[in-house]
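A short worksheet on the structure shown next.
In listed order, ligands and their atoms are each counted from 1. Predicted model only: the values in this text are computed from it and were never measured.
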Amino acid sequence: MTGMLTHSGDDGPGRRGCGPLIAPLSETMRPLRQQVFERVRASGLMPRVQVAKELGVSAASVTTITSELIELGLLEEVTVPRETDTGRGRPPVALGVRADAHLVVGMKLSDREHTAVLLDFAGNMLASEAVSREPAASDPATLLAASDALIDRVTAAAGVPRSAISAVGIGVPGFVDSPSGHVYWSSVLNVRGFDLARAASQRLGLPVTVDNDANLVALAELWFGAGRERADFAVVTIEHGLGMGLVLNHRLYRGGQGVGMELGHTKVQLDGALCRCGQRGCLEAYVADYALAREATTALNWIYKDGQSVQILLESLYDHAKAGNPAARSIFRRAGRYLAVGLANVVNLFDPALIILSGERMRYDYLYAADTLAEMENLVLATGRPLPPIEVHAWGDMLWAHGAAALALSSVTEATLAPPRELAAQ
Ligand SMILES: [Zn+2]
């Protein structure tokens, strides 16, 4: 029988559907078994009934799925001691991730230092290593050899064989397309356009995922830090350049083509200062360390020789500012004002619940002094609401390596628990 509502042309109402067309098996539509696993992993320990309650599914489905996950060796049952043990009845049982199911390595390759952490599947750090290096761009072969050596070091430090590693996450500064593993440009590489994930995977003999360093800080905060409980937050990193990572609805936002969130290259001045990217007026060209160094050599008449460490120059500039040198102070003050412009733009665009400032440069407290915050308040839309909290996390490079490890952990989880997305399209 043909009903009135279904009797319509090919394009008629009722046939086209409405509401967002979310791609099958996309991140917002993960299979239930992956959701169960991730719920347990996030909580540390969780009883089955609680998993069912929080996911809004029947206890029976959770029991079936967790049996499967236990069989796969990914989850285990853990007896939870009662607070007051009466000795009667069975002790309660919760689910936890089997820490030894997989081991991953996360590493950050940077201009001054390479760092790596080795984590188990529950996210515990088993070892970390740092190797300092000469600040210069390397050819791909040298960089790959360095990452290979770093894996040897960190596995040796953890006392595990290299064969125990399931996946590697690598972070580099620059423009990185994470899904394809392609690096458009990075200050650690002397070539443009390099398929880092594929080359590293061949060299290391392991699955490799790559991302830019600012995204790794956002991931580290999302997985291990202040971002765990926030749905939406922004991380702004000030290092050799100025980067940003944005988390929306508990997920890292990378943009339509994977290279978004380049806060450092948003323009704050028409025909302004020259940026490393070749354009003018980028925020980075006023705030990053090379910008401060450029100002220092001009304003203070310091001679900055090629090859001289920017680090040493900046330390000296900072000492002068602290000692009251007006030119040195004005350099930091100006950089702080530009940073305020950048942060106010972030607030006006995204209204994040929290902004985390991270990176080496955050030791220079002039950049986020009361003046900077006051300036920022003036530039944020006056709605009468308070500014989002701004936290400074000068955690150093191990944090970034943790973000890379989170990347590796999620790629292992995906590979193990999510069916390939192509399947859904068939
Ligand atoms: Zn730029």
Side-chain angles (χ1 to χ4, degrees), residues 108-112 135-137 171-178 182-194 196 210-218 234-246 252-299 304 306 310-311 313-314 331-332 334-350 355 357-362 364 367-368 372 375-376 379 400:
K108 181 198 177 190
L109 306 177
S110 82
D111 303 305
R112 287 166 291 106
V172 292
F175 305 137
V176 181
D177 175 18
S178 183
H182 185 78
V183 176
Y184 291 97
W185 173 84
S186 173
S187 56
V188 296
L189 275 170
N190 64 4
V191 293
R192 275 177 181 267
F194 181 58
L196 177 59
V210 303
D211 210 332
N212 81 38
D213 46 8
N215 280 347
L216 292 188
V217 179
V235 168
V236 174
T237 60
I238 306 173
E239 290 260 318
H240 193 52
L242 188 118
M244 175 170 163
L246 183 72
L252 190 63
Y253 177 78
R254 289 195 174 91
Q257 299 185 54
V259 287
M261 296 302 121
E262 286 296 341
L263 178 67
H265 303 281
T266 55
K267 307 299 181 272
V268 292
Q269 183 89 59
L270 269 179
D271 303 325
L274 198 58
C275 178
R276 280 190 305 170
C277 73
Q279 297 186 340
R280 284 187 177 278
C282 299
L283 177 58
E284 187 177 293
Y286 296 89
V287 178
D289 58 4
Y290 67 89
L292 296 175
R294 185 166 55 194
E295 288 266 294
T297 50
T298 322
Y304 173 55
D306 244 8
V310 175
Q311 208 74 1
L313 186 80
L314 287 184
I331 290 172
F332 280 109
R334 180 167 179 262
R337 292 187 68 197
Y338 273 103
L339 180 62
V341 171
L343 296 178
N345 288 344
V346 169
V347 173
N348 286 342
L349 277 171
F350 300 108
I355 295 180
L357 299 180
S358 182
E360 259 313 271
R361 220 58 67 232
M362 293 325 296
Y364 302 132
L367 289 181
Y368 55 94
T372 301
E375 190 95 44
M376 184 183 157
L379 299 168
W400 309 49

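- Within the structure, ring pair (Phe, Tyr, Trp, His ring centres under 6.0 Å) contacts touching residues 255-287 (residues at least two apart or in different chains) are Phe175-His265, Tyr286-Tyr338.
- Atom CD1 of Ile331 sits about 11.5 Å away from atom CZ of Arg294, to the nearest 0.5 Å.
- By the 4.5 Å heavy-atom criterion applied to side chains, Gln279 and Lys267 are counted as neighbours.
- Using a 4.5 Å heavy-atom threshold, the side chains of Leu339 and Ile238 count as touching.
- Within a radius of less than 2.8 Å around the Zn ion (ligand 1), the protein N, O or S atoms are His265 ND1, Cys275 SG, Cys277 SG, Cys282 SG.
- Between Leu252 and Asp211, the closest side-chain pair of non-hydrogen atoms falls below 4.5 Å.
- Here the CG atom belonging to Leu196 is positioned 7.5 Å from the CG atom belonging to Leu109, to the nearest 0.5 angstrom.
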